[in-house]
Amino acid sequence: MLEHFEKLSDPIGKQGLLHPFISIITISLLATMVGARGWEDIETYGISHYHWLSTFLPLPNGIPSADTYRRVFEQISPSVFDDSFQSWLTSLVTDNGAQVIPIDGKQIKGSYDLTLAQSALHVVSAIASEHRLFLGLVKVDDKSNEITAIKRLTRIIGYLCIITIDAMGTQYEITHDIRALGGDYVLALKKNHPTKFHAGEAMGKKLLLLIRQEDIEYSYDIRVESAHNRTEKRDCVGGNSCLVRPRFI
């Protein structure tokens, strides 16, 4: 963590220093990850986990007070903190081998305000599903701006993992960014984009026919799911692309 937050400078300075800057940042992050919603919650978390925290953090004067966390975060640079935080999250993805990362857009229920004529909050998020960890969350004005948010998230977390995106993210620029970072992707095609859909459907049928004709080992799975007043049937075929690609192209 020290490596990723080294560009974040202590706004209070060295005079009268009671608590190391990195300890304040680390405790704040850990507390927030387990549900802390305010400065008092962060202080409570630090006190209750003091013995564990002291095994890897310098705490010469105990746990900082709620006011200390507030003063520090009021003065640090939001943009530098965001860059440092995203760098740290990227390292978690690579170090822990987060294999599948879904990126999806959602509208936050109950986030609208009729009095202020404020529409519901729309966000695009990336989640390491295996580790149940949010890797990024980007606010967008509406669903039409999801593509810009998806591009930003893929550049942050697209390292050596499989990214899944719905039909909104089926864009050349997005796939190019993912592959440039060493990642792979699973994208959706829908009939409201008929050119892409029919091209993908034709390619899939040709590939499956070639696999069967050449007697190449493959796996096949069908899954039927019902949710949100609709039923989806998913057919999935997996094979060795190294054997198929030269003849398929």
If Ile, Leu, Val, Met, Phe, Trp and Tyr residues are connected whenever their side-chain heavy atoms lie under 4.5 Å apart, and connections chain through other members, are [X] and [Y] in the same group?
{"X": "Tyr172", "Y": "Tyr185", "result": "no"}
{"X": "Val80", "Y": "Ile25", "result": "yes"}
{"X": "Trp52", "Y": "Met33", "result": "yes"}
{"X": "Phe21", "Y": "Leu30", "result": "yes"}
{"X": "Leu189", "Y": "Leu187", "result": "no"}

I need the [X] [atom1] to [Y] [atom2] distance, nearest 0.5 Å.
{"X": "Thr175", "Y": "Asp177", "atom1": "OG1", "atom2": "CG", "value": "8.0 Å"}
{"X": "Lys106", "Y": "Glu146", "atom1": "NZ", "atom2": "CD", "value": "9.5 Å"}
{"X": "Leu29", "Y": "Ile24", "atom1": "CG", "atom2": "CD1", "value": "12.0 Å"}
{"X": "Asp83", "Y": "His4", "atom1": "CG", "atom2": "NE2", "value": "13.0 Å"}
{"X": "Tyr45", "Y": "Tyr50", "atom1": "OH", "atom2": "OH", "value": "14.5 Å"}
{"X": "Thr44", "Y": "Ile42", "atom1": "OG1", "atom2": "CD1", "value": "10.0 Å"}

Hey, are the side chains of [X] and [Y] touching, using non-hydrogen atoms and a 4.5 Å cut-off?
{"X": "Ile162", "Y": "Val186", "value": "yes"}
{"X": "Val100", "Y": "Thr164", "value": "yes"}
{"X": "Val138", "Y": "Val123", "value": "no"}
{"X": "Leu59", "Y": "Ile27", "value": "yes"}

**Asked** With the threshold set at 4.0 Å, does a side-chain nitrogen-carboxylate oxygen contact exist between Asp166 and Lys190?
**Response**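 So Asp166 does not pair with Lys190 through a salt bridge.
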Looking only at heavy atoms, which two atoms of [X] and [Y] are closest? And how far apart?
{"X": "Pro20", "Y": "Pro60", "answer": "CD-CD, 3.7 Å"}
{"X": "Gly169", "Y": "Ile174", "answer": "O-CD1, 3.5 Å"}
{"X": "Met168", "Y": "Ile147", "answer": "O-CG1, 3.7 Å"}
{"X": "Ser28", "Y": "Phe73", "answer": "OG-CE1, 3.3 Å"}
{"X": "Leu153", "Y": "Ala126", "answer": "CD1-N, 4.2 Å"}
{"X": "Ile76", "Y": "Ser9", "answer": "CG2-O, 4.3 Å"}

**Pairs touching residues 53-65 that satisfy side-chain hydrogen bond (donor to acceptor under 3.5 Å, both in side chains), sequence neighbours left out** =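 Pairs touching residues 53-65 that pass the test: Ser65-Thr68.
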So does [Y] get a backbone contact from the side chain of [X], meaning a donor-acceptor N/O pair under 3.5 Å?
{"X": "Glu43", "Y": "Trp39", "value": "no"}
{"X": "Arg70", "Y": "Glu74", "value": "no"}
{"X": "Asp82", "Y": "Pro78", "value": "no"}

**Message:** Looking at Phe56, I'd like to know if its CZ atom is crowded, meaning that more than 12 non-hydrogen atoms belonging to other residues, nucleotides or ligands lie closer than 6.0 Å.
**Reply:**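 Yes, CZ of Phe56 has more than 12 neighbouring heavy atoms, counting only those of other groups under 6.0 Å.
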**Request:** Please step through side-chain contact (heavy atoms from CB on, under 4.5 Å) for the pair Val124 and Ile103, ending with a clear verdict.
**Result:** CA-CA 7 Å; Val124 177; Ile103 293 180; 3.8 Å; yes
**Message:** Over 60° means perpendicular and under 30° means parallel, so tell me whether Phe85 and Phe81 are parallel, tilted or perpendicular.
**Reply:**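 It falls in the parallel class, under 30°.
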**Test side-chain contact (heavy atoms from CB on, under 4.5 Å) applied to Glu173 - qualifying residues, sequence neighbours left out** =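 Glu173 satisfies side-chain contact (heavy atoms from CB on, under 4.5 Å) with Lys151, Gln171 only.
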Can you list, pair by pair, the side-chain donor-acceptor contacts under 3.5 Å of residues 193-200, counting residues two or more places apart and other chains?
unit_1 : atom_1 : unit_2 : atom_2 : d
Lys196 : NZ     : Thr170 : O      : 2.8

**Request:** Verify side-chain contact (heavy atoms from CB on, under 4.5 Å) between Ile63 and Leu53, making sure each step is shown before the conclusion.
**Result:** CA-CA 9 Å; Ile63 298 297; Leu53 293 169; 4.3 Å; yes
**Item:** Candidate pair Ile101 and Ile127, rule side-chain contact (heavy atoms from CB on, under 4.5 Å), full reasoning
**Value:** CA-CA 5 Å; Ile101 300 178; Ile127 306 173; 5.8 Å; no
